[in-house]
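Step one of this worksheet: look at the structure below.
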Amino acid sequence: MTYREARVYLDEMSKYGSVLGLDTIRGLLRELGDPQDDLKFIHIAGTNGKGSVLAYTSMILSEAGYRIGRYVSPTVVSYLERIQVDAEWIREEAFARLTDKVRDAIARLEEAGEPLPTVFETETAIAFLYFREMNCDLVVLEAGLGGALDATNIVKNTVCAAFASISPDHLGVIGDTLDEIAENKAGIIKPGCAVVSAAQRGNVSRILKGRAKDCGCTYAEADPAQVDIIEESYRGIRFSYKEFRNLHTHMTGKYQTGNAAAALEVIRILRDKGYEIPDSAVKQGMEKTRWPGRFHVIGEKPVFILDGAHNEDAALRLRESVESYFPGRRRLGIMGVFRDKDYERIAQIMGPVMDEIRPVDLPDRNRGLPSGELARTLEKYCPCVRDAGQGSVESAVEVALADAGDTDVILAFGSLSYLHEVKAAYDRIREADEKRV
């Protein structure tokens, strides 16, 4: 099987959607020799910030000399980005070889009349095989949807269950209220593991603490009051947190120090468990961490930013960042979003702080909200809405760059799923501009 054949196989499988539950992946992994049982995990759940907490934690641990697997979704730059070891993406050859192995296992399950896995379950199995093959010391594992019944929750050897900010999302799928969503995500807590959380709102802290107590786990929560910001701009943040002094991150956004504090609490817990993580590794890991699509600055003159603000909480944080970093500057937006998200609320939050917004169509036309429909929603809240090029991402980027002055700000936001197209369009246009000079 070639890499291209592996992708075609998985793309065909993705047409059948997803199913919550652990029975099917349990059967698949058993057929593959239960590779997850040979690994140890830092399991991360939450609504916003999971990827950032994962990025900080894994980079610091890699700098400390541990071999660290990463499993993330969705991806922004490349499909292969979802499976990494020490921040290096899985190679096409290894992905194809392991996909072939999993395909054979699925064929045996089918012959036996067993339930067949979803694409996410299949990708998760491929990841576990790879991490075992690479002899990872720890795997930093991002939950997909929810927690309790997510395919990643098949793991047993959880060293630390960590939680980014939890807010309403996927309503009606993993819960109808914030409390129900928190209960679902708390399902990743395993007996005896350590539990770490970002600062939470409402009853979320109480729910996580209660689950931790029931499972005999220690519990620690990041304290925003102990974050001391030394300097901050859209280019980076210098800060201290508890015993960690004068750290610098290139990952910006008004919410980012909260994610960093949660990651640092994970590091504190791991130190208590005997992992050797020197201060130099913390400082270097924080400095080296990058995470595409999270207030990600890809250009200057004009400033061009990508941000996957796909729900109310993320949009509120994005608005706070935009107002703080760019007061008085002209702001041009590009927005694409799934129709099953609360796009009206995102438009209500972001529309008033943008001078104009161009709605675009997403690559996934089945889930994506058509640009024309999004335009009608945005017109209620934004003073200028331009549906350029019938929703074409390329056209939206090209027109925004042509329209923007050096001191203006262009912000592409909404779903993470289309930001790779924005980045690719930006790179093509800038490269063409350079050739003309």
Side-chain angles (χ1 to χ4, degrees), residues 40-44 46 48-72 81 84-89 136-142 159-160 162-165 194 196-199 218 220-298 317 321 324-325:
K40 295 180 180 179
F41 297 91
I42 298 169
H43 201 176
I44 303 177
N48 296 308
K50 287 183 296 183
S52 298
V53 175
L54 176 146
Y56 287 127
T57 302
S58 55
M59 186 59 77
I60 289 170
L61 290 171
S62 290
E63 287 296 310
Y66 296 100
R67 176 165 285 192
I68 303 299
R70 298 181 178 186
Y71 184 53
V72 301
E81 182 186 347
Q84 305 177 33
V85 172
D86 291 335
E88 295 288 333
W89 301 347
C136 290
D137 297 305
L138 283 166
V139 173
V140 189
L141 181 69
E142 182 180 346
V159 175
C160 177
F163 296 89
S165 173
V196 168
S197 177
T218 60
E221 188 167 304
D223 182 2
Q226 296 197 56
V227 174
D228 177 21
I229 296 178
I230 301 166
E231 58 181 333
E232 177 181 12
S233 74
Y234 71 89
R235 294 186 178 92
I237 305 172
R238 188 170 298 281
F239 70 102
S240 297
Y241 179 72
K242 294 186 176 180
E243 70 268 31
F244 303 103
R245 313 305 299 172
N246 196 30
L247 304 177
H248 180 263
T249 175
H250 294 279
M251 293 172 59
T252 55
K254 300 303 289 186
Y255 50 85
Q256 201 54 254
T257 52
N259 295 330
L264 291 170
E265 289 292 349
V266 173
I267 298 304
R268 297 178 84 230
I269 286 291
L270 293 176
R271 281 176 164 179
D272 290 343
K273 288 182 171 291
Y275 288 87
E276 294 184 7
I277 310 167
D279 288 346
S280 59
V282 176
K283 188 176 288 281
Q284 291 163 12
M286 192 67 63
E287 174 74 28
K288 291 181 179 181
T289 299
R290 301 289 192 279
W291 205 241
R294 284 74 170 180
F295 212 81
H296 180 196
V297 180
I298 62 171
R317 295 179 182 199
S321 299
S324 174
Y325 295 146

>> Quick one, M286 and L264 - any side-chain contact, counting heavy atoms below 4.5 Å?
In response: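 Side-chain contact under 4.5 Å: yes.
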>> Using side-chain heavy atoms (C-beta onward) and a distance below 4.5 Å, is Y275 in contact with L61?
In response: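 Not touching, per the 4.5 Å side-chain cut-off.
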Are the side chain of [X] and the backbone N or O of [Y] linked by a donor-acceptor pair below 3.5 Å?
| X | Y | value |
| --- | --- | --- |
| N259 | V53 | no |
| R268 | V266 | no |
| D86 | I68 | yes |
| Y241 | D223 | yes |
| E88 | V85 | no |
| S240 | N246 | yes |
| Y234 | F295 | no |

> Step by step, would you call R235 with H250 a side chain to side chain contact (heavy atoms under 4.5 Å, CB included)?
Replying inline: CA-CA 6 Å; R235 294 186 178 92; H250 294 279; over 6 Å; no
> Is there a donor in the side chain of E232 and an acceptor in the side chain of Y325, or the other way round, less than 3.5 Å apart?
Replying inline: yes
>> Could you tell me if Y255 and S52 have a donor-acceptor pair between their side chains, going purely by distance under 3.5 Å?
In response: no
> When rounded to the nearest 0.5 angstrom, what distance separates CD in Q226 from NZ in K242?
Replying inline: 5.0 Å
